[in-house]
Protein chains: 2
Amino acid sequence: MDAVFLALSSQTRRKMLDLIQNMPGCSVGDVAKYFDCSRIMVMKHLDTLRAADLLISRKVGRRRELFFNAVPIQMIHDRWTTEYSRFWATKAIDLKHMLESRQQKADP
Amino acid sequence: MDAVFLALSSQTRRKMLDLIQNMPGCSVGDVAKYFDCSRIMVMKHLDTLRAADLLISRKVGRRRELFFNAVPIQMIHDRWTTEYSRFWATKAIDLKHMLESRQQKADP
DNA sequence: TCCATAGGTAACAATAAGGTTACATATATG
DNA sequence: CATATATGTAACCTTATTGTTACCTATGGA
């Protein structure tokens, strides 16, 4: 989940993801055409997106075809819609753990 | 928007936000009790959350009272619900700009 | 007043992210 | 085959994030 938010924390990456979503199967070079940064930086950004599972790719010949994967976003979205401002699913469990660890720290 | 995603990209910060949401008006020290990291790091994390406008605070006596602000999350949420996987509002405009700059780059 | 408590700042070190250039590999295509 | 194209990797530098210790300020109470 950290990786998804981290990947989305860059406008450049969000735009790249947007582009790929609108041009499914486009190549790394295609993406690079739309941005001012170097091809290597494009690849690094795409790698960050892939690490967050927001990007799926396959190699076809000498090209790499890129595809947007909505699943991680859907996951976060679902958590947010469940209980609007209380936005992560593990909330209750985490709080329980926190309360337990608090007792340990407060009463050593 | 970058600041919000960046702030949310740390599980520790998400948990802090969760805690403050469940304990409105709690102090910096209160938050620190629930986490293993130092008080200074807690303050830095809180500062990151405040930079994203996810946190509101006021000083009362020598304590600082912390409050969760749902607005930035609501904003992102709204964008996502509008058109699910197409998750940012400036999409159409940005794409237009990208297409324009593409022509400039492709045809110099 | 004296002092413990709560918060804030400064300075620094380690690690990660953003960015570059140079080189390497694989694959279409004349 | 020769070469341009598309992608990948290595090395390196800069900046940002994460984390520390030490010190400072202000407030509440005995």
Side-chain angles (χ1 to χ4, degrees), chain A residues 1-17 19-20 23-68 101-102 105-108, chain B residues 1-17 19-20 23-67 102 105-108:
Chain A
M1 193 159 177
D2 286 22
V4 180
F5 279 123
L6 186 71
L8 292 173
S9 72
S10 155
Q11 198 187 358
T12 304
R13 282 194 290 266
R14 291 198 300 272
K15 283 188 177 178
M16 285 180 180
L17 212 54
L19 188 72
I20 292 161
M23 296 173 66
C26 68
S27 69
V28 175
D30 289 339
V31 175
K33 282 178 202 146
Y34 291 82
F35 293 88
D36 283 335
C37 57
S38 68
R39 184 182 58 82
I40 291 89
M41 270 318 295
V42 171
M43 284 181 66
K44 287 191 180 179
H45 279 309
L46 294 179
D47 214 60
T48 305
L49 290 168
R50 196 170 50 77
D53 202 31
L54 288 162
L55 194 67
I56 294 167
S57 71
R58 66 169 178 203
K59 191 120 190 197
V60 178
R62 62 184 167 184
R63 292 176 73 250
R64 178 169 292 282
E65 294 187 347
L66 305 167
F67 301 92
F68 170 60
S101 67
R102 186 207 191 186
K105 285 183 81 173
D107 198 10
Chain B
M1 194 158 176
D2 286 22
V4 180
F5 280 123
L6 186 71
L8 293 174
S9 72
S10 153
Q11 198 188 0
T12 305
R13 281 193 291 266
R14 290 199 301 273
K15 283 188 177 179
M16 284 179 179
L17 211 54
L19 187 73
I20 293 160
M23 295 172 67
C26 68
S27 69
V28 175
D30 290 338
V31 175
K33 281 177 203 148
Y34 291 80
F35 293 89
D36 283 336
C37 56
S38 68
R39 183 182 58 84
I40 290 91
M41 270 316 297
V42 170
M43 284 181 65
K44 288 191 180 180
H45 280 307
L46 294 178
D47 214 58
T48 305
L49 291 168
R50 196 172 48 78
D53 201 31
L54 287 161
L55 193 68
I56 294 167
S57 71
R58 67 171 177 201
K59 192 118 189 200
V60 178
R62 62 182 168 182
R63 293 177 72 250
R64 179 168 291 281
E65 294 186 347
L66 305 167
F67 301 92
R102 186 208 191 185
K105 284 184 83 174
D107 198 11

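Note: hydrogens, waters and symmetry copies are ignored here, and every other heavy atom, side chains too, is used. Chain A is the first sequence line, chain B the second, and so forth, proteins listed ahead of strands; every chain is numbered from 1. Since the model is a prediction, treat every value here as computed from it, not as a measurement.
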**Student:** When the distance from CG of A/L46 to C1' of C/dA17 is rounded to whole Å, what number comes out?
**Tutor:** 16 Å

**Student:** With side chains defined as the heavy atoms from C-beta onward, is the minimum distance between B/F5 and A/R13 less than 4.5 Å?
**Tutor:** no

**Student:** Rounded to the nearest Å, what distance is computed from the CD1 atom of residue A/I40 to the P atom of nucleotide D/dG8?
**Tutor:** 11 Å

**Student:** Provide the closest heavy-atom pair for B/A52 versus B/A7 in the form atom of the first, atom of the second, distance.
**Tutor:** CB-CB, 3.8 Å

**Student:** Is B/H45 close enough to D/dG19 that one of its side-chain N or O atoms is under 4.0 Å from OP1 or OP2 there?
**Tutor:** yes

**Student:** Nearest-Å distance, CE (A/M41) to P (D/dG8)?
**Tutor:** 15 Å

**Student:** So, applying side chain to side chain contact (heavy atoms under 4.5 Å, CB included) with A/L49, which one of A/L17, A/V4, A/L66 is it?
**Tutor:** A/L17

**Student:** What's touching nucleotides 2-7 of chain D from the protein side, N or O pairs under 3.5 Å?
**Tutor:**
| residue | atom | partner | partner atom | Å |
| --- | --- | --- | --- | --- |
| D/dT5 | O2 | A/R62 | NH1 | 2.9 |
| D/dT7 | OP1 | A/V28 | N | 3.3 |
| D/dT7 | OP1 | A/R64 | N | 3.3 |
| D/dT7 | OP2 | A/G29 | N | 2.8 |
| D/dT7 | O3' | A/K59 | NZ | 3.4 |

**Student:** If each of A/G61 and A/S9 is mapped to the nucleotide of DNA chain C with the nearest heavy atom, which maps nearer the 5' terminus, i.e. the 5' end?
**Tutor:** A/S9

**Student:** Reading DNA chain C from 5' onward, which residue's closest nucleotide shows up sooner: A/L6 or A/S38?
**Tutor:** A/L6

**Student:** Could you tell me the separation between the NZ atom of A/K33 and the SG atom of A/C26, rounded to the nearest 0.5 Å?
**Tutor:** 9.5 Å

**Student:** Expressed as a whole number of angstroms, how long is the span from B/D2:CG to C/dA17:C1'?
**Tutor:** 14 Å

**Student:** Could you tell me the separation between the CZ atom of B/F5 and the C1' atom of C/dA17, rounded to a whole number of Å?
**Tutor:** 19 Å

**Student:** Using 4.0 Å as the upper bound for N to carboxylate O, is an ion pair formed by B/R50 and B/D47?
**Tutor:** yes

